[in-house]
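Since the structure comes first, as structure tokens, the remarks are kept for the end.
Counting convention: from 1, in listed order, for ligands and their atoms alike. Nothing here was measured: the structure is a model prediction, and the numbers come from that model.
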Amino acid sequence: MSTLLSGKTALITGSTSGIGRATADLLAERGAHVIVSGRNAERGAQAVADIREAGGKADFVQADLTSADSARTLAEQARSVTGRIDILVNNAAVFPEGGTTDTPEEVFDTVYATNVKVPFFLVGELVPAMAERGAGAVVNISSFVADKAAPDRAAYSSSKAALNNLTKAWAKEYGPSGVRVNSVAPGPVLPEEIQAAVAADPRAAAVTQALPARRFGLPREIAEAVAYLASDEAAFAHGAFLSVDGGAGLA
Ligand SMILES: NC(=O)c1ccc[n+]([C@@H]2O[C@H](COP(=O)([O-])OP(=O)(O)OC[C@H]3O[C@@H](n4cnc5c(N)ncnc54)[C@H](OP(=O)(O)O)[C@@H]3O)[C@@H](O)[C@H]2O)c1
């Protein structure tokens with residue numbers, strides 16, 4: 001186990017599966033005490049059990065992140081477990097498919113609530129204490145579609161563009177107080193078992209054939225970028241956008 005993040009505490013939203021789960025595993029492996037969060041208590045408990053079994057420190061705080069209040073409650077509960085939060089990873093997101101005309105208002109509102117509003121209020125709640133201590137890191141999980149746009153998921157891709165703007169605003173707002181705010185933009189990523197399950201699906205092949213990498217990414221490959229930006233190794237990175245996307249974001 002590496003000690004790069006030892007003594008640090010990290011809240012990773014949406015860490016009951018996928019990229020968030022891999023990030024919780026990796027930050028814990030590097031020595032951080034992680035707060036795993038999500039709606040699904042069973043997967044949350046499993047993540048905590050696995051991390052502890054591997055020698056790491058983890059606790060689960062359940063949260064359905066759909067409003068400013070839910071963000072504030074999660075921040076409070078996470079802080080009450082670890083005493084303080086040094087690293088915030090804004091990862092939880094929803095990404096419903098659908099053309100603009102077919103997207104109902106409530107779906108649009110859910111996308112913006114979980115993907116934009118919740119990160120906004122989590123930062124508002126947790127970063128002032130980091131700034132007071134003169135140190136902290138926020139990593140926002142964006143997407144290659146933030147710049148490219150996604151015609152089949154316009155609400156989603158625009159929510160990630162909004163998050164990118166917030167990354168820049170927060171880097172400028174909080175950087176002078178010692179809090180670094182950066183972003184990782186994944187490309188198409190699937191857990192190993194799902195990659196195996198879709199291997200024969202021509203739609204999956206169409207996705208990978210369009211990528212310079214010619215394959216899906218793994219959640220762990222995104223987590224490595226998050227762990228870097230969260231660590232002191234990235235001390236001079238402020239407002240960085242790190243694409244880990246197999247080349248998906250290339251024009
Ligand atoms: N996978 C990709 O290809 C890809 C590509 C580009 C960007 N991204 C970005 O990477 C991030 C993670 O994606 P993923 O593929 O790992 O997704 P995922 O496997 O579906 O995981 C999403 C996580 O978010 C949580 N979540 C969703 N809605 C929530 C809510 N209302 N309240 C609390 N937690 C909620 C889920 O937890 P529960 O189920 O427990 O609620 C889950 O842990 C997202 O920001 C996504 O936009 C992914």
Nearest to [atom], what protein heavy atom do you find, and at what distance?
atom	answer
atom 27 (C) of ligand 1	R39 NH2, 3.4 Å
atom 44 (C) of ligand 1	N91 O, 3.2 Å
atom 25 (C) of ligand 1	G14 CA, 3.5 Å
atom 36 (C) of ligand 1	T16 OG1, 3.9 Å
atom 7 (C) of ligand 1	S142 O, 3.2 Å

Numbered atoms and elements of ligand 1 in range of [X], under 4.0 angstrom, heavy atoms:
X	result
S15	43 (O)
R43	39 (O), 40 (O)
D64	30 (C), 31 (N), 32 (N)
A63	32 (N), 33 (C)
G18	16 (O), 19 (O)
F95	17 (O), 20 (O), 46 (C), 47 (O)

Handout entry: Nearest-0.5 Å distance that lies between atom OG in S183 and atom CH2 in W170
Key = 10.5 Å
Could you see which bit of [X] sits under 4.0 Å from ligand 1, with heavy atoms only: side chain, backbone, both or neither?
X	answer
K160	side chain
P219	neither
V94	side chain
S37	neither

Under 4.0 Å between a Lys/Arg side-chain N and an Asp/Glu carboxylate O for [X] and [Y]?
X	Y	value
R21	D50	yes
R220	E224	yes
R84	E132	no

Problem - Single hit among L166, V138, I141 for side-chain contact (heavy atoms from CB on, under 4.5 Å) with N90 - result: V138
Practice task
Among T23, L26, D245, V244, find the one that has a side-chain contact (heavy atoms from CB on, under 4.5 Å) with I222.
Solution key: V244
Check this for me: [X], atom [atom1], are more than 12 non-hydrogen atoms of other residues, nucleotides or ligands nearer than 6.0 Å?
X	atom1	value
Q209	CD	yes
F120	CZ	no
E193	CD	yes
K160	NZ	yes

Which of the listed options, [options], holds the heavy atom that is closest to [atom]?
atom	options	result
atom 48 (C) of ligand 1	I19, L65, V189	I19
atom 5 (C) of ligand 1	G187, G38, P188	G187
atom 19 (O) of ligand 1	S17, P119, S159	S17
atom 8 (N) of ligand 1	F216, F144, Y156	Y156

Exercise for the section: Applying side chain to side chain donor-acceptor pair (under 3.5 Å), run through T167 and N140 and close with a yes or a no. Expected result: CA-CA 7 Å; T167 297; N140 292 326; 2.8 Å; yes
Handout entry: Shared hydrophobic cluster for L27 and V36 (ILVMFWY, side-chain gaps under 4.5 Å)
Key = yes
